[in-house]
Amino acid sequence: MSYRKTFKLICSFAGGSAALVFAAVAADSRGYFGEHRGEGASRWSRFGVLHAAQPAWTPATHTPAPTGPGWDFNWDKRDPSVLSNGRKKERVTEDPSSEQDNSKPKATRHILLIRHSQYNLSGNGDTERFLTPLGREQAELTGQRLAALGLKYDVLIHSSMTRATETAHIISKHIPGVELLSCDLLREGAPIEPVPPVTHWKPDAVYHEDGARIEAAFRRYIHRADPKQKEDSYEIIVCHANVIRYFVCRALQFPPEGWLRMGLHNGSITWLTIRPSGRVALRTLGDAGFMPPDKLTRT
């Protein structure tokens, strides 16, 4: 077989490694790997070299082994099987399978976490940290985006801090009829000391104080639906970047100390979906998807 034909054959099998394999075949045909052999032997030896040049396929080379602890289906302490096993049977004739079915959530909860809009960073204290003109425009655009989704929202809950309250009230104009509630648990803070540590940023708040409050907010709002809930729900929570990032880490069972590794734009929408089984999914609608680039800010 000519070198040109051999080269074409090797290219069809070896792709980007063809030149290296071709050199090996040429050397083999000249007896550099042993004494010169006949045409038939040489033909098969070329395929032997070709085979040796390709990495052996094993599952380990294509599928990385899972690391870390497995998914905890009872992460919100509402797994029906765990709840029913801990109850005392009132009647001996009670059907345990029927009890477990009745305690199973049947609806999906959609929680839309929204970071407040841009605010006056030079303000002294919370009351002076109100929205800037750009921040008010961002809130208007976020409200328009939520209205355009065409969803039936059940409630709009917001942090009691000024910037989150103003953002929520502007958004509420675009989704009339949705109940508006304020919650102190959703106030900004430092949920847990970040890893890796950040030397240039040291929050005034004490981690164990803010952390306990933000964790309490997570337990109140981020969980699977109550078994009595019949239809899927869509709930909006307007709060702060640190709170949202911590919520995301906890809900997805990522290490919570990694919360500061994520960035979050003002007015952004982070969508958590919690299935009846306890499975959690994350989607982001992204600022750039509905807000002009000149309206974005990382403040």
>> According to ring-ring contact (aromatic ring centres under 6.0 Å, His included), does anything in residues 131-155 pair up with another residue at least two apart or in another chain? List the pairs.
In response: none
> Would you say the side chain of Ile114 lies within less than 4.5 Å of the side chain of Leu146, judging by non-hydrogen atoms?
Replying inline: yes
> How would you list all residue pairs meeting salt bridge (charged side-chain N to carboxylate O under 4.0 Å, His left out) that involve residues 156-173, not counting sequence neighbours?
Replying inline: Glu140-Lys173
> Between Ile175 and Val178, what is the shortest heavy-atom contact and its length?
Replying inline: O-CG2, 3.3 Å
>> Holding to ring pair (Phe, Tyr, Trp, His ring centres under 6.0 Å), I want the full list of residues that pass it with His223, two or more places apart in sequence or in another chain.
In response: none
> How would you list all residue pairs meeting salt bridge (charged side-chain N to carboxylate O under 4.0 Å, His left out) that involve residues 63-74, not counting sequence neighbours?
Replying inline: none
> Taking the six-membered ring of Trp259, is NZ or CZ of Arg245 closer than 6.0 Å to its centre and within 45° of its axis?
Replying inline: no
> Among pairs that include at least one residue of residues 227-236, which meet salt bridge (charged side-chain N to carboxylate O under 4.0 Å, His left out), considering only residues two or more places apart or in two chains?
Replying inline: Arg109-Glu235
> Partners of Val280 by side chain to side chain contact (heavy atoms under 4.5 Å, CB included), sequence neighbours excluded?
Replying inline: Trp71, Trp75, Ala251, Leu252, Leu272, Ile274
> Is a side-chain donor or acceptor of Ser117 paired with a backbone partner of Ala139 at a separation under 3.5 angstrom?
Replying inline: yes
> So do Arg136 and Ile170 actually touch side chain to side chain, heavy atoms under 4.5 Å?
Replying inline: yes
>> Show me the pairs that pass salt bridge (charged side-chain N to carboxylate O under 4.0 Å, His left out) and involve residues 254-267, at least two apart or across chains.
In response: none
> Sequence neighbours excluded, which residues qualify as ring pair (Phe, Tyr, Trp, His ring centres under 6.0 Å) partners of Tyr221?
Replying inline: none
Would you tabulate the side-chain donor-acceptor contacts of residues 181-198 under 3.5 Å, counting partners in other chains and residues two or more places apart, or write 'none'?
| from | atom 1 | to | atom 2 | distance (Å) |
| --- | --- | --- | --- | --- |
| Asp184 | OD1 | Ser160 | OG | 2.5 |
| Arg187 | NH1 | Ser160 | OG | 2.9 |

> Who are the side chain to side chain contact (heavy atoms under 4.5 Å, CB included) partners of Pro276, not counting sequence neighbours?
Replying inline: Pro105, Thr108
> Can you list the residues that meet the side chain to side chain contact (heavy atoms under 4.5 Å, CB included) rule with Arg250, with sequence neighbours excluded?
Replying inline: Glu215, Phe218, Tyr246, Pro256
> Listed by chain and number, what are the side chain to side chain contact (heavy atoms under 4.5 Å, CB included) partners of Lys152, not counting sequence neighbours?
Replying inline: none
> Looking at Asn74 and Arg78, what are the two nearest heavy atoms and their distance?
Replying inline: OD1-N, 3.1 Å
>> What verdict does the salt bridge (charged side-chain N to carboxylate O under 4.0 Å, His left out) test give for Asp210 and Arg213, after you've listed the backbone C-alpha separation in whole Å, the side-chain angles of each residue and the deciding distance to 0.1 Å?
In response: CA-CA 5 Å; Asp210 281 357; Arg213 172 178 54 78; 3.5 Å; yes
> With distance as the sole criterion, is a donor-acceptor pair present between the side chains of Ser159 and His116 under 3.5 Å?
Replying inline: no
>> Determine whether Asn242 and Ile214 satisfy the following criterion, side-chain contact (heavy atoms from CB on, under 4.5 Å), listing intermediate values before the conclusion.
In response: CA-CA 9 Å; Asn242 294 354; Ile214 296 172; 5.6 Å; no
